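So the structure is just underneath, and the comments pick up after that.
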Amino acid sequence: MTALSRSSGRTELRLATEASEAALADAAEAMGGAVRPDAILSYHLNDSAPVLYLARALRLHEIGWHNEIYGGGTQSASILADAAMLIDAGLAETVLVYRALNGRSGKRMNALGLKLGEGTEEQFTHPYGMAGPVHQFALAGQRYLYDTGLTERHTYAVVAQSRAHAADNPRALRRERIDLATYLDDPMVASPLRRIDCCQETDGACALVVTSAERAPAAPRIQAVVRGGGPGASGMDKADDVTRVFSAYVAASLYAAAALKPEQVDVALLYDAYSWLVPRQLEDFGLVDRADLGAVLAGEEIAWKGRVPVNPHGGLLSEGYVHGLNNVAEAVRQLRGTGTNQVEGASVALCTGFGGGYGSAALLTAS
C-alpha cells in the first residue's frame with residue numbers, strides 16, 4: 001500500500017505504480033526471486049489509472065491478460081476470483097491486482113450521485129432525498145436498527161472499536177479514540193448516519209500479487225470466492241426488504257464453496273462503509289445471532305482479542321478507503337501473522353465487499 005492521505009499530491013498512476021512495485025517486491029522476497037506479472041486486473045469508477053498505463057510505468061515489455069472492471073466495493077473480494085480463474089485456466093502465472101484513487105482530493109464518492117439509466121431513474125428518487133449512497137444506506141440502516149432493536153449506542157460501539165483498532169495502526173487516517181459524548185455530538189448526515197458513521201474519503205493505492213499455490217506454497221490461499229445478490233441490486237428503493245444486503249444472499253454459498261463453517265472464521269475483514277453494516281454482516285455470515293448482536297457490540301466482543309474480531313486495522317471507517325482492497329491486504333497480513341493487532345492463530349479470514357443488494361465475499365486461509 002501507499003501512505004493514505006486526504007491530499008496525495010500525486011496522480012493515480014503514481015500511486016498505483018508505488019503500491020504495485022511494493023507488492024511485487026514483497027512477492028519477490030517471499031518467492032526468492034524477481035516477480036513479473038503477466039496479467040493485470042483493476043477495478044474503478046472512472047477514477048483510476050488504466051492498466052496499460054501501469055504496465056508501461058512498470059516497464060513491462062509484454063502483457064498478457066489485462067482488464068479494467070467497472071465497479072466499486074462489490075469488486076474488492078470478487079477480483080480475487082478473477083485472478084484465480086486466470087491462473088487456474090492457464091492464462092496467467094502471476095496476476096497483479098490493484099486499486100488506486102484520489103478519493104478525497106480528486107473524484108469523491110459522496111459526489112457521484114445515482115447515475116442509473118443516465119439520469120432517467122433518479123428523477124423519481126431525488127425528491128425523496130436519495131441523492132447518493134449515504135442516503136440509500138441511511139434508509140436501510142434506519143429500518144435495520146428498528147427491526148433488531150439496536151440503537152445509536154451500538155453504532156457508536158462499532159465506530160469506537162474501529163478507532164481503538166486504528167490507534168495502533170500507523171497507516172490509519174483516524175487514530176483518535178472517541179467516547180459516546182463525542183459520537184453523539186457528531187453532525188448527522190442522514191439519520192441514523194452521523195458523519196462519523198461513514199467511511200473515510202481517501203487518497204491512496206493498494207496492490208496484491210496472486211499466483212499459484214505451487215509457486216508460492218507459504219502464501220495465504222484463496223479458498224473460495226462468491227459474487228451475487230438479490231432484488232434491488234444497488235437500487236435499494238426497489239428491494240422488498242431494504243435491509244437485506246448482499247451478505248444475506250452469498251453467505252451460504254460461500255461457506256459451501258469453501259467447505260468451511262462460520263465458527264471456523266478467525267478474523268472478519270468486513271466492508272464497513274457505514275457502521276450499521278457491521279452487525280448486518282455479522283448476522284448474515286453466521287458469526288453472531290441477531291439476539292446476541294447488542295451484547296456482542298456493547299461488550300467489545302468485536303475487538304481483535306474478542307469473540308469475533310472485526311477489522312483489527314480499523315477498516316474503512318478508520319484506516320482509510322481504498323474501495324475495500326486495503327481490507328483484503330490486512331487479511332493477508334493477519335494470515336501471515338504480521339497484522340495490525342494480530343489475531344492469535346488466525347488461519348481463516350473472511351473478506352467482503354458490496355454496493356447494496358449485491359456484492360462479493362472471499363474466504364482466505366493460511367498456507
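Computation of the quantities below employed the complete heavy-atom set of this structure, encompassing side-chain atoms and omitting hydrogens, waters and symmetry-equivalent molecules. What you are looking at is a predicted structure, and each value in this text was computed from that prediction instead of being measured.
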Hey, is E12 close enough to R14 for a salt bridge, meaning N to O under 4.0 Å?
no

L41 and L86: CA distance, side-chain angles, deciding distance, side-chain contact (heavy atoms from CB on, under 4.5 Å) verdict:
CA-CA 10 Å; L41 299 176; L86 288 177; 4.1 Å; yes

Verify, without hydrogens or angle tests, whether N102 (side chain) and R10 (backbone) share a donor-acceptor contact under 3.5 angstrom.
yes

Carboxylate-amine/guanidinium contact D82 R227, below 4.0 Å:
no

Checking D284 now: which residues fulfil side-chain hydrogen bond (donor to acceptor under 3.5 Å, both in side chains) with it, not counting sequence neighbours?
S247, R280

Has R174 got a side-chain atom pairing as donor or acceptor with S318's backbone, closer than 3.5 angstrom?
no

Quick one: does any side-chain atom of N326 pair with a main-chain N or O of V322 as donor and acceptor, under 3.5 Å?
yes

Can you measure from NE2 (H154) to CH2 (W276) and round to the nearest 0.5 angstrom?
16.0 Å

Looking at D168 and N341, would you say the former's side chain and the latter's main chain have a donor-acceptor pair under 3.5 Å?
no

P37 and V209, any side-chain heavy atoms less than 4.5 Å apart
no

For residues 296-304, which side-chain donor-acceptor pairs fall under 3.5 Å, sequence neighbours excluded?
residue: E301; atom: OE1; partner: R307; partner atom: N; Å: 2.8

Out of curiosity, H165 NE2 to N169 CG, how far, rounded to the nearest 0.5 Å?
11.0 Å

Y271 side-chain N/O to V278 backbone N/O, donor-acceptor pair under 3.5 Å:
no

Is it true that, when you exclude D179 itself, more than 12 heavy atoms of the residues, nucleotides or ligands shown sit nearer than 6.0 Å to its CG?
yes

Between R6 and E201, is the closest basic N to carboxylate O distance under 4.0 Å?
no

Between the main-chain N or O of P217 and the side-chain N or O of R221, is there a donor-acceptor pair closer than 3.5 Å?
yes

What's the shortest heavy-atom distance between T2 and G204, and which atoms?
OG1-CA, 3.4 Å

What verdict does the side-chain contact (heavy atoms from CB on, under 4.5 Å) test give for R215 and E93, after you've listed the backbone C-alpha separation in whole Å, the side-chain angles of each residue and the deciding distance to 0.1 Å?
CA-CA 9 Å; R215 296 188 71 213; E93 287 189 342; 3.8 Å; yes

Closest approach of A34 and A28, non-hydrogen atoms and distance?
CA-CB, 4.1 Å

Compare all side-chain heavy atoms of R99 with those of S76 and state whether any distance is below 4.5 angstrom.
no

Do the side-chain N and O atoms of T94 and D38 include a donor-acceptor pair separated by under 3.5 angstrom?
no

Just by modelled atom types, is the T340 backbone N or O under 3.5 Å from a matching donor or acceptor in the Q334 side chain?
yes

Output a table of donor-acceptor pairs, distance under 3.5 Å, between side-chain atoms of residues 255-265 and any protein atom two or more places apart or on a different chain; print 'none' if there are none.
residue: Y255; atom: OH; partner: F285; partner atom: O; Å: 2.6
residue: Q264; atom: OE1; partner: K261; partner atom: N; Å: 2.8

Stepwise, does the side-chain contact (heavy atoms from CB on, under 4.5 Å) test hold for V35 with T211?
CA-CA 10 Å; V35 175; T211 191; over 6 Å; no

V97 vs V328 side-chain heavy atoms within contact, under 4.5 Å
no

Within the 4.5 Å heavy-atom criterion, are C351 and L364 side-chain neighbours or not?
yes

Are D203 and R104 close enough for a salt bridge, meaning some N to O gap below 4.0 Å?
no

Indicate whether the side chain of Y144 and that of E283 have a donor and an acceptor atom separated by less than 3.5 Å.
yes

Mind checking what makes side-chain hydrogen bond (donor to acceptor under 3.5 Å, both in side chains) contact with E68, not counting sequence neighbours?
H44

Is there a side-chain contact between N46 and Y70 in this structure, where contact means two heavy atoms from C-beta onward sitting under 4.5 Å apart?
yes

If a pair satisfies side chain to side chain donor-acceptor pair (under 3.5 Å) and one of its residues is in residues 19-35, list it, with sequence neighbours excluded.
D26-R336

Any heavy-atom pair between the side chains of L317 and V158 that's under 4.5 Å?
yes

Side chain to side chain contact (heavy atoms under 4.5 Å, CB included), paired with N327, selected from D272, T352, L270:
D272

What is the distance from atom CZ of R194 to atom CG of L184, rounded to the nearest 0.5 Å?
5.0 Å

Between the CG atom in L254 and the CG atom in L350, the distance rounded to the nearest 0.5 Å is 6.5 Å

Between the SG atom in C206 and the CE atom in M1, the distance rounded to the nearest 0.5 Å is 5.5 Å

Partners passing ring-ring contact (aromatic ring centres under 6.0 Å, His included) against Y43 (at least two apart in sequence or in another chain)
none

Can you list everything that forms a side-chain hydrogen bond (donor to acceptor under 3.5 Å, both in side chains) with R56? Sequence neighbours excluded, please.
none

side-chain contact (heavy atoms from CB on, under 4.5 Å) involving S7 - partner list, sequence neighbours excluded
S105

For I40 and L54, work out which heavy atoms get closest and say how close.
CG2-CD2, 4.4 Å

Would you find a donor on one side and an acceptor on the other, under 3.5 Å apart, between the side chain of S162 and the backbone of G314?
yes

Show, in sequence, the C-alpha distance, side-chain angles and deciding distance for T155 and Y183, and conclude whether the side-chain hydrogen bond (donor to acceptor under 3.5 Å, both in side chains) test is met.
CA-CA 9 Å; T155 52; Y183 174 83; 2.7 Å; yes

Hey, what do you get for CG (L282) to CG (D289), rounding to the nearest 0.5 Å?
11.0 Å

Inspect the surroundings of CZ in R153 and state if more than 12 heavy atoms from other residues, nucleotides or ligands are less than 6.0 Å away.
no

Closest approach of A362 and V225, non-hydrogen atoms and distance?
CB-CG2, 3.8 Å

Qualifying residues under ring-ring contact (aromatic ring centres under 6.0 Å, His included), relative to Y274, sequence neighbours excluded:
F137

Between T365 and S347, is any pair of side-chain heavy atoms under 4.5 Å apart?
no

Closest non-hydrogen atom pair, F354 against T74
C-CG2, 3.5 Å

Using a 4.5 Å cut-off on heavy atoms from C-beta on, say whether the side chain of H135 contacts that of L193.
no

Can you sort out the partners of Q142 under side-chain hydrogen bond (donor to acceptor under 3.5 Å, both in side chains), two or more places apart, ordered by chain and number?
S191

Under 4.5 Å side-chain heavy-atom separation, chaining through any Ile, Leu, Val, Met, Phe, Trp or Tyr, what else clusters with M188? Say none if it is isolated.
none

Could I get the full list of salt bridge (Lys or Arg N to Asp or Glu O under 4.0 Å) partners for R171, not counting sequence neighbours?
E319, E330

List the atom of L15, the atom of L101, and the distance in Å for their closest heavy-atom pair.
CD1-O, 3.9 Å

